[in-house]
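Beneath this line is the structure, given in structure tokens, with notes to follow.
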Amino acid sequence: MFHKILVPLDGSQLAESILPHVSTLALCGKAEVVLLRVHVRPVNTYGMLDAGDLPLTPEDEQADRRKALDYLKTVAQSLIAAGVPARPLVCDGTVAEAILQIADAEGADLIAMSTHGRSGIARWLIGSDANKVMHGARVPVLLIRPVHPLSSPVQADESEAVGI
């Protein structure tokens, strides 16, 4: 069984779709869940600031970290209410590398995350953090590819029926 599960979240519903799976695993094995948010500076596809982006001030970066921590605390509280021990953690860095470093530092024995389901040119241009984590992790990685919400009202109702 798992004793510590690392769950990277980016604030999106897609990323949070891993949480029901993690809750089940954590409850079965009495595992602690570490919710991770990697604070990254805004960059474009080529690794440079977009023309409209100004470098963040230290105060702006601190506010972003506080916002990320508040978000994770809210998620942790909902897990704790369901009987799952959980705690938030915010770190700086590039996403995949930070996830791998924190997994090692925390002694996680499972990394659980959702993929964003990019393919083709988008994946090539942006890269896949999930793929980098999967290939770089020293522990098992649970990847869930959520069903994307659909745009039409009928399809949206169908997607809600499957738990999105």
Side-chain angles (χ1 to χ4, degrees), residues 2 4-28 31-47 50 53 63-82 84 86-103 106 108 110-137 139-164:
F2 302 110
K4 191 176 286 189
I5 303 171
L6 179 65
V7 181
L9 296 173
D10 64 7
S12 71
Q13 287 183 319
L14 287 173
E16 291 176 10
S17 66
I18 192 70
L19 294 174
H21 305 283
V22 168
S23 294
T24 301
L25 286 172
L27 287 170
C28 289
E32 175 188 23
V33 174
V34 178
L35 301 168
L36 175 66
R37 178 79 182 260
V38 180
H39 177 261
V40 294
R41 302 192 83 201
V43 294
N44 69 11
T45 304
Y46 305 105
D50 286 330
D53 290 336
D64 282 351
R65 283 189 200 93
R66 271 195 309 274
K67 184 177 175 183
L69 185 58
D70 289 344
Y71 158 71
L72 291 177
K73 285 180 179 178
T74 300
V75 175
Q77 288 171 353
S78 67
L79 290 172
I80 291 167
V84 177
R87 65 182 168 88
L89 179 63
V90 176
C91 73
D92 293 319
T94 56
V95 175
E97 290 79 9
I99 292 168
L100 295 170
Q101 288 173 356
I102 295 298
E106 287 286 327
L110 177 68
I111 301 170
M113 59 193 293
S114 297
T115 68
H116 280 78
R118 291 185 189 100
S119 61
I121 192 78
R123 183 173 177 174
W124 180 77
L125 285 172
I126 299 169
S128 169
D129 291 319
N131 190 45
K132 291 174 189 172
V133 169
M134 181 178 64
H135 289 291
V139 297
V141 178
L142 172 64
L143 293 177
I144 300 296
R145 185 173 182 176
V147 177
H148 291 275
L150 303 170
S151 58
S152 81
V154 172
Q155 291 171 329
D157 290 341
E158 291 170 0
S159 66
E160 290 173 13
V162 294
I164 294 181

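Excluded from the calculations below are hydrogen atoms, water molecules and symmetry mates; all remaining heavy atoms, backbone and side chain alike, are included. Bear in mind that the values here come from a model prediction, so they are computed numbers and not experimental data.
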**Message:** Show the nearest heavy-atom pair for residues Lys73 and Pro88, with the distance to one decimal.
**Reply:** CG-CG, 3.8 Å

**Request:** Indicate the atoms forming the closest heavy-atom contact of Phe2 with Pro140, along with that distance.
**Result:** CE2-CG, 4.3 Å

**Item:** Distance, nearest 0.5 Å, that separates CE of Met134 from CE of Met113
**Value:** 10.0 Å

**Message:** Nearest 0.5 Å, please: how far is CD1 in Ile111 from CG in Leu143?
**Reply:** 9.5 Å

**Message:** Could you measure the distance from the CD atom of Gln77 to the CG atom of Leu72? Nearest 0.5 Å is fine.
**Reply:** 11.0 Å

**Message:** Rounded at 0.5 Å granularity, tell me how far CD in Glu97 sits from CG in Asp129.
**Reply:** 8.0 Å

**Asked** Which heavy-atom pair separates Ile18 from Ser114 by the least distance, and what is that distance?
**Response** N-OG, 3.3 Å

**Message:** Quick check for you: to the nearest 0.5 Å, what is the distance between Leu142 atom CG and Leu25 atom CG?
**Reply:** 6.5 Å

**Glu106 vs Leu36, side chain to side chain contact (heavy atoms under 4.5 Å, CB included): CA-CA, chis, key distance, verdict** = CA-CA 11 Å; Glu106 287 286 327; Leu36 175 66; over 6 Å; no

**Prompt:** Should Val22 and Leu79 be marked as a side chain to side chain contact (heavy atoms under 4.5 Å, CB included) after you check the CA-CA gap, both sets of side-chain angles, and the distance that decides it?
**Reply:** CA-CA 10 Å; Val22 168; Leu79 290 172; 5.7 Å; no

**Request:** State, yes or no, whether a side-chain contact exists between His21 and Thr24 at a heavy-atom distance under 4.5 Å.
**Result:** no

**Complete:** Of all heavy-atom pairs linking Ala108 and Leu6, the shortest is CB-CB, 4.0 Å

**Contact summary for Leu100 and Lys132, nearest pair of heavy atoms** = CD1-O, 4.2 Å

**Item:** Option passing side chain to side chain contact (heavy atoms under 4.5 Å, CB included) with Leu69 (candidates Leu35, Thr74, Val90, Leu89)
**Value:** Val90

**Request:** Measure across Ala15 and Leu9 and return the closest heavy-atom pair with its distance rounded to 0.1 Å.
**Result:** O-CD2, 3.6 Å

**Request:** Start with the C-alpha distance between Leu110 and Val139, add both sets of side-chain angles, then the distance that settles side chain to side chain contact (heavy atoms under 4.5 Å, CB included), and finish with yes or no.
**Result:** CA-CA 6 Å; Leu110 177 68; Val139 297; 5.8 Å; no

